[in-house]
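The block underneath contains the structure these notes are about, expressed in structure tokens.
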Amino acid sequence: ERTGENKEYPFIIKCINDGYAVVFTAELVGSEDDERLQIKINDLSNIYDKELENENTKNIVNVYSKKLKEILNNKNLIPNKEVNQDKKTVVSKPQLPVNMILYGPPGTGKTYNSVIYAVGIIEKWSKKDIDKNIGIVTAETQQNNENQTNDIKYSEILKKFNNYKVKHDISDDNTDNWQIEFVTFHQSYGYEEFIEGIKPRTENGEIRYEIADGVFKKFCKKAENNPDKNYVFIIDEINRGNISKIFGELITLIEDTKRIGAAEEMRATLPYSGESFGVPDNVYILGTMNTADRSISLMDTALRRRFRFVEMMPDPTLIKANIVIDGKKTDVDGKKLNVKEILETMNKRIEYLYDREHTIGHSFFMKLNETKSMDDLKNVMLNSVLPLLQEYFYDDYNKIRLVLGDNQKAGNEPCFVAKKNDNKNDLFGATDEINDTEVFEINEAAFDKPESYKYLLSGTGSPKHDQTGAETSSENN
């Protein structure tokens with residue numbers, strides 16, 4: 001316009017007009033699945049493809065593309081498009097939500113996968129690359145990559161995670177690469193630890209009080225000073241904290257549309273320091289929550305609206321172990337002692353008796369893929385699974401017996417949870433003041449015996465009964 005000699009000016013006008021149309025549509029719809037938005041995005045992409053081949057307009061198109069990408073990022077709506085200058089092509093790079101919670105029953109890999117998400121966000125992996133590494137893979141994928149196991153890949157990612165993680169006990173001038181913070185919420189965690197508060201310190205024998213920044217405020221300040229880098233703030237057990245108490249006014253500021261640089265940018269005046277504070281758009285908040293502690297339906301409504309939830313359920317297909325004793329695969333009535341089937345059977349019964357949010361995760365059993373050891377199976381069942389069942393069913397041992405298949409066993413078969421034959425008259429003398437009750441005990445010896453797991457394998461039914469209804473021995477079943 002200044003020189004009057006740019007013959008490509010009409011094309012630039014068209015590009016800008018179409019871009020504004022995309023932004024306007026994004027403001028209206030708020031959904032990545034909206035067809036109108038997708039059509040306009042595709043139209044705009046076609047213009048970029050054409051104009052990037054034109055040396056006269058490439059620079060201005062790239063500048064506009066970058067600005068448009070920032071606006072759409074703040075909307076948290078659609079995949080980004082980044083320009084590959086060498087090949088002059090538009091490369092699709094899907095984004096992740098800035099606020100995300102991984103939720104599911106115990107042992108489903110929430111913390112495990114938060115490590116992968118964090119490294120992927122910092123290193124700006126595509127959504128496809130992150131999904132490829134999160135450990136939820138099909139049996140076919142595992143078979144095709146049997147020489148490159150998830151454990152090897154994960155160890156490399158974990159090493160990167162630890163390098164990126166903030167180290168509070170180390171003084172180091174090179175802290176710019178510390179881009180991950182990790183905290184765990186609990187009932188006593190508060191605003192003072194998270195945002196800011198008045199804290200005491202001793203100076204020359206005297207106690208003084210000063211305003212101190214909390215961990216999230218410090219992290220946001222650092223991220224704001226390094227806008228070209230991504231930062232990840234991980235909150236483990238996010239549902240165990242008092243969200244209103246911890247976040248305070250920040251519950252609004254963490255919204256993607258209210259971040260610094262967004263179209264609806266908001267800042268708040270903090271109560272102690274009086275500072276004007278906002279949350280940078282390069283800070284990703286990644287939470288984990290255990291649905292056995294609290295259902296999503298019981299979570300703080302304000303938190304639910306501002307986070308995208310990613311469900312992580314048990315995946316028995318990741319377990320490939322058949323238990324081996326003395327170098328041989330163990331048979332139980334002609335069936336392999338298959339750990340996958342054990343987990344599947346227990347979870348089906350738990351879901352029937354309780355709900356799917358209290359099932360048992362696959363991660364408790366993953367070690368057995370390597371060891372295939374009866375001792376390790378006993379250790380998992382006795383020290384991990386049984387305590388969860390006791391918690392889920394409030395020590396209702398009849399239901400625990402149903403889950404473990406003890407109710408189907410004949411009198412001579414070993415039970416995990418056995419009924420005791422205590423007689424009230426033997427204990428208290430002849431009395432009518434006490435009703436008969438069932439007393440149970442944990443039979444640790446049963447966890448060592450392959451035959452104890454018979455009714456946890458698929459295709460096994462109840463024991464046979466004689467014509468009087470009494471249970472018969474199942475030794476030949």
Quick one: does [X]'s side chain get under 4.5 Å of [Y]'s, heavy atoms only?
X	Y	answer
Val215	Ile195	no
Met100	Ile285	no
Ile251	Ser244	no
Ile246	Tyr191	no
Ile442	Phe447	yes
Val380	Asp376	no
Ile350	Ile360	yes
Val166	Ile180	no

Quiz item: Mind checking what makes side-chain hydrogen bond (donor to acceptor under 3.5 Å, both in side chains) contact with Lys160, not counting sequence neighbours?
Solution: Glu123

Give, for atom [atom1] of [X] and atom [atom2] of [Y], the distance between the pair rounded to the nearest 0.5 Å.
X	Y	atom1	atom2	result
Thr288	Asn239	OG1	CG	7.5 Å
Ile323	Met374	CD1	CE	6.5 Å
Leu388	Thr359	CG	OG1	10.0 Å
Leu343	His362	CG	NE2	9.0 Å
Asp256	Lys258	CG	NZ	8.0 Å

Using atom types as modelled and distance alone, determine if a side-chain donor or acceptor of [X] lies under 3.5 Å from a backbone N or O of [Y].
X	Y	result
Asn338	Glu341	yes
Asn290	Pro105	no
Glu351	Lys348	no
Thr108	Gly361	no
Asn162	Leu158	yes
Arg349	Val403	yes
Lys167	Tyr164	no

Of all the heavy-atom pairs spanning [X] and [Y], show the shortest one and how long it is.
X	Y	answer
Leu404	Leu386	CD1-CD1, 4.5 Å
Leu382	Pro387	O-CD, 3.4 Å
Leu337	Leu377	CD2-CD2, 4.3 Å
Met313	Arg356	CE-O, 3.3 Å
Asn398	Glu438	ND2-OE1, 2.8 Å
Lys409	Ser452	NZ-O, 2.8 Å

Contacts of [X] that satisfy side-chain contact (heavy atoms from CB on, under 4.5 Å) - sequence neighbours left out:
X	answer
Asn163	Lys159
Asn383	Asn379
Ile198	Tyr209, Ile211, Tyr272
Asn282	Ala223, Asn230, Tyr231, Pro280

Quiz item: Testing Lys218, Lys222, Lys221 for salt bridge (charged side-chain N to carboxylate O under 4.0 Å, His left out) with Asp213, which one passes?
Solution: Lys221

Qualifying residues under ring pair (Phe, Tyr, Trp, His ring centres under 6.0 Å), relative to [X], sequence neighbours excluded:
X	value
Phe161	none
Phe185	Tyr189, Phe194
Tyr397	Phe440
Phe365	none

Quiz item: Does the ring of Phe182 carry Lys165 above it, NZ/CZ under 6.0 angstrom from centre and within 45° of its axis?
Solution: yes

Quiz item: Phe416 and Tyr453: aromatic ring centres closer than 6.0 Å?
Solution: yes

Quiz item: What about the rings of Tyr284 and Phe233, do their centers lie closer together than 6.0 Å?
Solution: no

Practice problem: Would you please test Val417 and Asn443 for side chain to side chain contact (heavy atoms under 4.5 Å, CB included) and show each step? | Solution: CA-CA 6 Å; Val417 179; Asn443 180 17; over 6 Å; no

Exercise. May I ask you to decide whether Lys110 forms a salt bridge with Glu311, counting only side-chain N to carboxylate O separations under 4.0 Å?
Key: no

Quiz item: Salt bridge between Glu344 and Lys340, side-chain N to carboxylate O under 4.0 Å?
Solution: yes

Quiz item: Step by step, would you call Val98 with Arg259 a side chain to side chain contact (heavy atoms under 4.5 Å, CB included)?
Solution: CA-CA 10 Å; Val98 291; Arg259 299 290 188 100; 3.7 Å; yes

Quiz item: Would you say Lys367 has more than 12 foreign heavy atoms packed within less than 6.0 Å of its NZ?
Solution: no

Practice problem: Using the side chain to side chain contact (heavy atoms under 4.5 Å, CB included) rule, take Asn113 and Leu102 through it: C-alpha gap first, then chi angles, then the decisive distance, then the call. | Solution: CA-CA 8 Å; Asn113 286 315; Leu102 309 180; 4.3 Å; yes

Quiz item: Would Asn99 and Arg305 count as having a side-chain donor-acceptor pair, cut-off 3.5 Å?
Solution: no

Exercise. Answer with yes or no whether the side chains of Ser373 and Asp375 bring together a donor and an acceptor at under 3.5 Å.
Key: no

Practice problem: Test Tyr103 against Val310 for side chain to side chain contact (heavy atoms under 4.5 Å, CB included), laying out the working first. | Solution: CA-CA 6 Å; Tyr103 73 99; Val310 178; 5.6 Å; no

Exercise. Would you mind listing every salt bridge (Lys or Arg N to Asp or Glu O under 4.0 Å) that reaches into residues 196-206, with sequence neighbours excluded?
Key: Glu196-Lys217, Arg201-Glu203, Arg201-Glu210, Glu203-Arg208, Glu206-Arg208

Quiz item: Quick one: salt bridge (charged side-chain N to carboxylate O under 4.0 Å, His left out) partners of Arg306, sequence neighbours excluded?
Solution: Glu255

Quiz item: With Glu224, which residues qualify under salt bridge (charged side-chain N to carboxylate O under 4.0 Å, His left out), at least two apart?
Solution: Arg267

Quiz item: Which of these, Phe393, Tyr392, Tyr352, Tyr394, sits in a ring pair (Phe, Tyr, Trp, His ring centres under 6.0 Å) with His358?
Solution: Tyr392

